[in-house]
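Down below is the structure, laid out as structure tokens.
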2 protein chains.
Amino acid sequence: MKEAYLLMRDAGLKLTPRRQAIIAMFSDSRVQLSPQEVQERLKCQFIRCGLPGVYRNLEALADCGVLFRVVGFGRERSYALCCCSQRDGVHHHHHVICISCGLVGQVESCAYQEGVVIEGFRVVSHVLQLRGICASCSSRETEASG
Amino acid sequence: MKEAYLLMRDAGLKLTPRRQAIIAMFSDSRVQLSPQEVQERLKCQFIRCGLPGVYRNLEALADCGVLFRVVGFGRERSYALCCCSQRDGVHHHHHVICISCGLVGQVESCAYQEGVVIEGFRVVSHVLQLRGICASCSSRETEASG
DNA sequence: TTATAAATGGAAACTATTTCTGTTTATCCT
DNA sequence: AGGATAAACAGAAATAGTTTCCATTTATAA
């Protein structure tokens with residue numbers, strides 16, 4: 001939360017109650033959320049709360065590195081908390097999302113850094129995102145079935 | 001084209017003039033196209049041509065493996081021709097798209113096969129897509145600048 | 001050639017996202 | 001603490017993207 005505040009300040013973003021609530025929401029539940037879901041949850045705390053503001057805030061928080069944009073095909077747009085300390089120079093990393101509890105992990109290894117040549121193509125950029133089962137959900141599964 | 005026809009037949013899809021035109025379009029230009037762009041290009045050959053039909057066909061062709069869905073964040077939805085022979089058993093692969101000419105290449109190597117454990121997460125699925133400069137565009141660049 | 005299931009166009013419904021405008025508010029400076 | 005200022009805000013309305021529906025047409029296989 002402290003980290004998030006610093007990222008925001010670096011980007012010239014104000015720490016409004018709305019944004020605090022959004023960050024807390026992502027910190028607490030650790031799952032990916034769509035703008036609609038975020039609005040839904042905000043309504044518990046704020047009586048008036050428009051979707052345009054939610055869109056703006058999510059994009060602003062993604063731009064400054066507090067959230068990241070979950071990729072997919074087509075419509076479904078969603079965001080999740082970027083768990084990584086980014087202030088000491090942005091470093092290349094990806095995310096893995098637990099399909100059971102929503103926990104977001106950080107993936108450091110990546111074979112596709114810019115400049116690498118793959119199948120004759122010199123890599124410029126890429127999208128990589130993983131889904132899986134985190135350690136604790138995995139052990140819970142094992143217990144249950146064993 | 002022959003390959004595409006077999007994939008379609010396996011999936012129980014009919015080879016309609018519309019679909020032939022769509023496949024030819026992707027084969028010829030080798031770039032990724034949005035439904036809107038596909039419709040635009042179809043209008044040259046077919047006077048009447050609704051977007052719903054374009055959506056349906058693109059999804060059907062993606063389902064049977066002729067096209068693949070280009071991933072991204074949010075709205076932008078697009079498709080490209082899957083260059084890979086898939087009939088002899090579907091095999092795991094990804095794509096790399098040339099940002100200069102749109103050429104689509106096939107990436108066989110992948111460190112994130114299902115079951116692999118990364119950062120404590122057991123991988124279930126993933127999205128990977130690369131952008132880069134293909135060999136011929138790369139050498140053209142070198143000539144031009146040298 | 002005919003039967004059949006699939007594909008089609010287009011209207012309309014639906015959903016998601018952005019723009020716009022006037023008001024409110026966090027932050028910085030004194 | 002108090003005021004100036006740029007940013008954030010809500011909500012309406014515009015825009016854009018996608019899906020559903022239905023009656024008609026058509027590719028395929030017998």
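Here the structure is a predicted model, which means the values were calculated and not measured. A, B, ... follow the sequence lines: proteins, then strands. Residue 1 opens every chain.
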Notebook entry, point to check: Is Val117(B) linked to Ile99(A) within one hydrophobic cluster, defined over Ile, Leu, Val, Met, Phe, Trp and Tyr using a side-chain heavy-atom separation of less than 4.5 Å?
Noted result: no
Next item on the list: Look at Arg56(B) and dT19(D) and indicate whether a side-chain polar atom (N or O) is within less than 4.0 Å of OP1 or OP2.
Entry: no
Notebook entry, point to check: Please give, in whole Å, the distance from dT15(C) C1' to Tyr55(B) OH?
Noted result: 12 Å
Notebook entry, point to check: Taking CG from Leu42(B) and P from dG10(C), how many angstroms apart are they, rounded to a whole number?
Noted result: 13 Å
Item checked: Proximity to the side chain of Arg77(B) - top-ranked nucleotide from dT19(D), dG11(D), dA16(C) -> dT19(D)
Item checked: For atom CD of Glu59(B) and atom P of dA6(C), their distance in whole Å -> 18 Å
Check: Gln36(A) side chain N/O closer than 4.0 Å to the phosphate oxygens (OP1, OP2) of dT15(C)?
Finding: no
Check: Which of these nucleotides, dT17(C), dT19(D), dA8(D), is closest to any side-chain atom of Arg19(A)?
Finding: dA8(D)
Next item on the list: Considering only NZ, NE, NH1 and NH2 on the basic side and carboxylate oxygens on the acidic side, decide whether Glu59(B) and Arg69(B) come within less than 4.0 Å.
Entry: yes
Note to self: Are Val70(B) and Val127(A) connected into the same hydrophobic cluster when the rule is that any two of I, L, V, M, F, W, Y join if their side-chain heavy atoms are below 4.5 Å apart?
What the structure shows: no
Note to self: Check this one for me: any side-chain N or O of Arg48(A) less than 4.0 Å away from OP1 or OP2 of dC9(D)?
What the structure shows: no
Item checked: Whichever of Pro17(B) and Lys14(B) has its nearest DNA chain C nucleotide further upstream toward 5' -> Lys14(B)
Margin query: Output the rounded distance in Å from CG (Asp63(B)) to P (dA6(C)).
Written below: 15 Å
Check: Quick one: Leu13(B) CG to dA5(C) C1', roughly how many Å, whole number?
Finding: 13 Å
Notebook entry, point to check: Which residue, Cys49(A) or Gly12(A), contacts DNA chain D at a nucleotide closer to its 5' end, judged by nearest heavy atom?
Noted result: Gly12(A)
Check: Taking only side-chain nitrogens and oxygens of Thr16(B), does any of them come within less than 4.0 Å of OP1 or OP2 of dT26(D)?
Finding: no
Notebook entry, point to check: What nucleotide, of dT18(D), dT19(C), dT20(D), holds the atom closest to the side chain of Pro52(A)?
Noted result: dT19(C)
Check: Rounded to the Å, how far apart are Ile23(B) CD1 and dA7(C) P?
Finding: 13 Å
Note to self: Consider side chain to side chain contact (heavy atoms under 4.5 Å, CB included). Of Leu61(A), Asn57(A), Leu67(A), which one does Ile23(A) pass it with?
What the structure shows: Leu61(A)
Check: Considering the options Gln106(B), Gln129(B), His126(B), which one meets the side chain to side chain donor-acceptor pair (under 3.5 Å) requirement together with His94(B)?
Finding: His126(B)
Note to self: Just the rounded figure in Å: distance from P of dT28(D) to OH of Tyr5(B).
What the structure shows: 6 Å
Next item on the list: Please state how far atom CE in Met8(A) lies from atom P in dA7(D), giving the value in whole angstrom units.
Entry: 14 Å
